[in-house]
Amino acid sequence: MKHTISVLVENEFGVLSRISGLFSGRGFNIESLSVAPTMDADTSRMTLVTRGDNRILEQITKQLNKLISTIKVVDFTDEEYIERELAMIKVSTDGDSRAEALRIVDIFRAKVIDVTPKSYTIEITGAPAKINGILELLRPMGIKEVVRSGPVVIGRGAKGALA
Amino acid sequence: MALTGSQILLESLKLEGVDTVFGYPGGAVINIYDDLYESSINHVLTRHEQAAVHAADGYARCTGKVGVAIATSGPGATNTVTGIATAYMDSIPMVIITGQVPTPLIGNDAFQEADMCGITRPCTKHNFLVKDIKDLAKTLKEAFYIARTGRPGPVLVDLPKDVQVATHEFSYPESVSLRGYKPTYSGNSRQIEKAAQMLLAARKPVLYVGGGVTLSSADSELLKLVEQTRIPVTTTLMAMAAFPQRHPLALGMLGMHGTFYANMAVTECDLLIAVGARFDDRVTGRIDSFAEKAKVIHVDIDPTSIRKNVEVDLPIVGDLKDVLGKLHGRLNQKPELVEDMVENTSEWRSMIDEWKERHPMTYRSAKSTIKPQFVIEKIAELTNDDAIITTEVGQHQMWTAQFFPFRQARTFLTSGGLGTMGFGLPSALGAQVAFPDRQVIDISGDGSFQMNSQELATLVQYKLPVKIAILNNNYLGMVRQWQQMFFDKRYSQTVMELPIDFIKLAEAYGATGLQATKVDEVEATIKKALETPGPVLMNFKVSREENVLPMVPAGKAIHEMVLAS
Ligand SMILES: Cc1ncc(C[n+]2csc(CCOP(=O)(O)OP(=O)(O)O)c2C)c(N)n1
Ligand SMILES: [Mg+2]
């Protein structure tokens, strides 16, 4: 089963390699990983998406917690949370397909952020499923390039999960 | 006062209570060695950096203190890796200081540069690259704290040369505060109460004890609990000395080369109480039939050990000393229930006694050749079971675990998790430095001995009276045994064709060499070695194709043993 985990870590030299090394060394898989500093410059927050049964997930969270550089780990799977991912998509467009592309952009509440006579570059934010959806529709036009940020998540409600 | 980085290092070591370090100099640590020249810290020069780390490891294992080793950058530092991995697998508290190229050169493939933080990340508890002298004292404080607290382990501090020569005001922090590191020491009292209930309800309980008991110095708490509850105890390789092996409730080792009765007890028990053990594959055999009929209580300070390999009915995270002490205390408040429990489990103990009688730990003795097990029994007899024993890795290691009746924690130093040949001699060296007046003996194999035999020089130089008993079968015996049993006796690269003259080798270093080729020479040889001052190497020509039995073949359940006939 898919799990989205947030990890608060010391923002220090080598911390990313400690986390990624833990996953590769123990044979856990990472589907996506995104990292950036938090409001506190000494702290970074990672969001990672992984897969495994309960036993593996228990090991993953325990092993993450065991790292000295890890401050807190939250597996969001059983929590109420909001998940967002950003994607930028470069599609080939000519004649008819230019209007069609714009219609799709409109339906998905995406944005065109760069235009050439032969292409649109589209920015979209949303749950990963929504991004998969727009990609599906744009695919017939010819997608030249896609870049996805990997999802980030935050818990619902007033309380901060990691603060 | 402003000190240089290398002075800060030595002052910090002193404040951590370090009086002895093991190491090897080089360009990237030459400043540290210059300060050591007149320091009160005792430095032991080994002949290889791997040996320096094993020596510091041996020192740590037998004292419980943090072992310290120093090596230069590049090859010196990479030579420490096997030693560090050995300590990591057995959770030994150590701090390893490596020199590094100056910070402006890091990443440039400078002369003798190696990315030690990268290389040792998966085999240290934590590691540090100190880039700024301002961070040095704090980093060292944290390194020692991390090494010795929680589940202990080796910590590497990589120290660039420019940081060693820079100067800074020295003040050593009083305390450590790490947001991400707060080990749980105190066991949850509700869980401990549940454990007490499970113990009281058990009819066939077994304690399965691992190296954690030694690390937490919980051996006396364990003994008290056993005396109180009369629960039989099986120990892993790492814990053989943590419970007196002559105790009537001692079942010896379990697992691949465990005793018949330990493996049967675990197979048949209805309650398995795992303390400071981690269900390693050499212990469990086929995992799905390990302690199949039992409820499992697992006590460990490291939450990752729990439910890593097996499902557990009752997990307790905490320091074993705390948890076992509290468990004993709780049971003490219910003397009648404990009495009932002891009564209810007497049938179980008789059953185990029957197993002990049916297949005792034994070997076929011989008149014509020296049996390796016999040498070990004789060493035990002539030292009153009271030596500090180290081993290398192989058959001789398993026989030592099987036949030496250890009686005191921290007297059996062996590489359990990593199984590192070449560990025994340098770790004996470290133990002898820690305890100059105790008898320290490395029980060795002819193969393993040659992995760090250069340390004979260190023994002679520092007048360390370590005795070495090579159980010489002129084979890489353990591998040969597997080849005999599972590969049709195709002895591929396990025959040590060259008969080495170990006596001459010892003498070349200025040590004493003794040899025994006949059974009736064994006792005299050991006596002579024990009486001779200084390091002595004993070469016992043992029966060559002796096998370690019982043996659980790989992939089998632990009750499916090949037994000694
Ligand atoms: C550094 C290292 N290399 C290889 C091995 C694999 N190995 C395990 S036991 C063994 C044979 C050891 O031979 P010896 O020291 O003579 O001991 P014996 O088994 O003969 O008692 C080998 C090669 C190991 N454990 N460690
Ligand atoms: Mg051998």
Side-chain angles (χ1 to χ4, degrees), chain A residues 1 3 5-30 33 35 37-46 48 50 52-75 160-163, chain B residues 85 88 91 100 103 106-107 115-132 135 138-139 142-143 145-147 149-151 153-156 158 160 176-184 278-279 287 298 300-312 315 317:
Chain A
M1 192 180 138
H3 288 250
I5 299 173
S6 281
V7 192
L8 212 60
V9 296
E10 298 287 352
N11 184 11
E12 66 192 8
F13 163 82
V15 67
L16 187 58
S17 76
R18 290 187 203 281
I19 304 271
S20 61
L22 169 67
F23 275 73
S24 62
R26 294 193 180 265
F28 304 143
N29 93 332
I30 302 187
L33 173 67
V35 198
T38 65
M39 293 293 286
D40 168 6
D42 291 338
T43 309
S44 288
R45 179 164 172 159
M46 300 190 177
L48 55 88
T50 181
D53 59 20
N54 287 344
R55 175 101 145 255
I56 290 174
L57 258 292
E58 181 179 331
Q59 267 301 308
I60 290 177
T61 47
K62 282 175 167 181
Q63 293 286 356
L64 283 169
N65 266 309
K66 185 173 169 177
L67 295 176
I68 311 283
S69 312
T70 303
I71 300 159
K72 193 162 179 189
V73 181
V74 177
D75 182 349
L162 287 174
Chain B
Y88 182 67
S91 307
Q100 181 55 280
T103 45
I106 290 178
D115 171 13
M116 287 314 292
C117 280
I119 289 173
T120 64
R121 200 204 59 242
C123 64
T124 50
K125 185 170 171 187
H126 197 61
N127 57 25
F128 296 94
L129 170 65
V130 185
K131 284 184 170 163
D132 187 333
D135 301 329
K138 176 170 171 279
T139 302
E142 289 176 356
Y145 177 76
I146 292 167
T149 53
R151 177 177 178 175
V155 177
L156 179 125
D158 203 22
V176 171
S177 148
L178 291 161
R179 296 191 282 177
Y181 179 66
K182 300 204 168 59
T184 306
R278 57 187 177 87
F279 295 83
I287 192 95
H298 192 176
D300 205 293
I301 197 160
D302 178 3
T304 67
S305 285
I306 296 174
R307 271 204 286 266
K308 183 170 65 182
N309 299 333
V310 298
E311 276 306 323
V312 168
V317 176

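Just so it is clear: chains get the letters A, B, ... in the order the sequence lines come, proteins before strands, and each one is counted from 1. Since the model is a prediction, treat every value here as computed from it, not as a measurement. For the numbers below, each heavy atom of this structure counts, side chains included, while hydrogens, waters and symmetry mates do not.
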Kindly give the heavy-atom pair with the smallest separation between [X] and [Y], and that separation in Å.
| X | Y | result |
| --- | --- | --- |
| B:R179 | A:D40 | NH1-OD2, 3.7 Å |
| B:T304 | A:Q59 | O-NE2, 2.8 Å |
| A:K66 | B:D302 | NZ-OD2, 2.7 Å |
| A:R55 | B:K308 | NE-O, 3.8 Å |
| B:H126 | A:S69 | CE1-OG, 3.5 Å |

Atom group of [X] that falls short of 4.5 Å from chain A, counting heavy atoms:
| X | result |
| --- | --- |
| B:D115 | neither |
| B:K182 | neither |
| B:P303 | both |
| B:R121 | side chain |

What part of [X] gets within 4.5 angstrom of chain B, counting heavy atoms only: side chain, backbone, both, or neither?
| X | value |
| --- | --- |
| A:L67 | backbone |
| A:T70 | backbone |
| A:E58 | side chain |
| A:N54 | neither |

How many angstroms lie between CG in B:L178 and CD1 in A:I68, if you round to the nearest 0.5 Å? 7.0 Å
Return yes when atom CE of A:M39 has more than 12 non-hydrogen atoms of other residues, nucleotides or ligands closer than 6.0 Å, and no otherwise. no
Best-contacting candidate, A:E10, A:R26, A:K62, against chain B by heavy atom pairs under 4.5 angstrom: A:K62
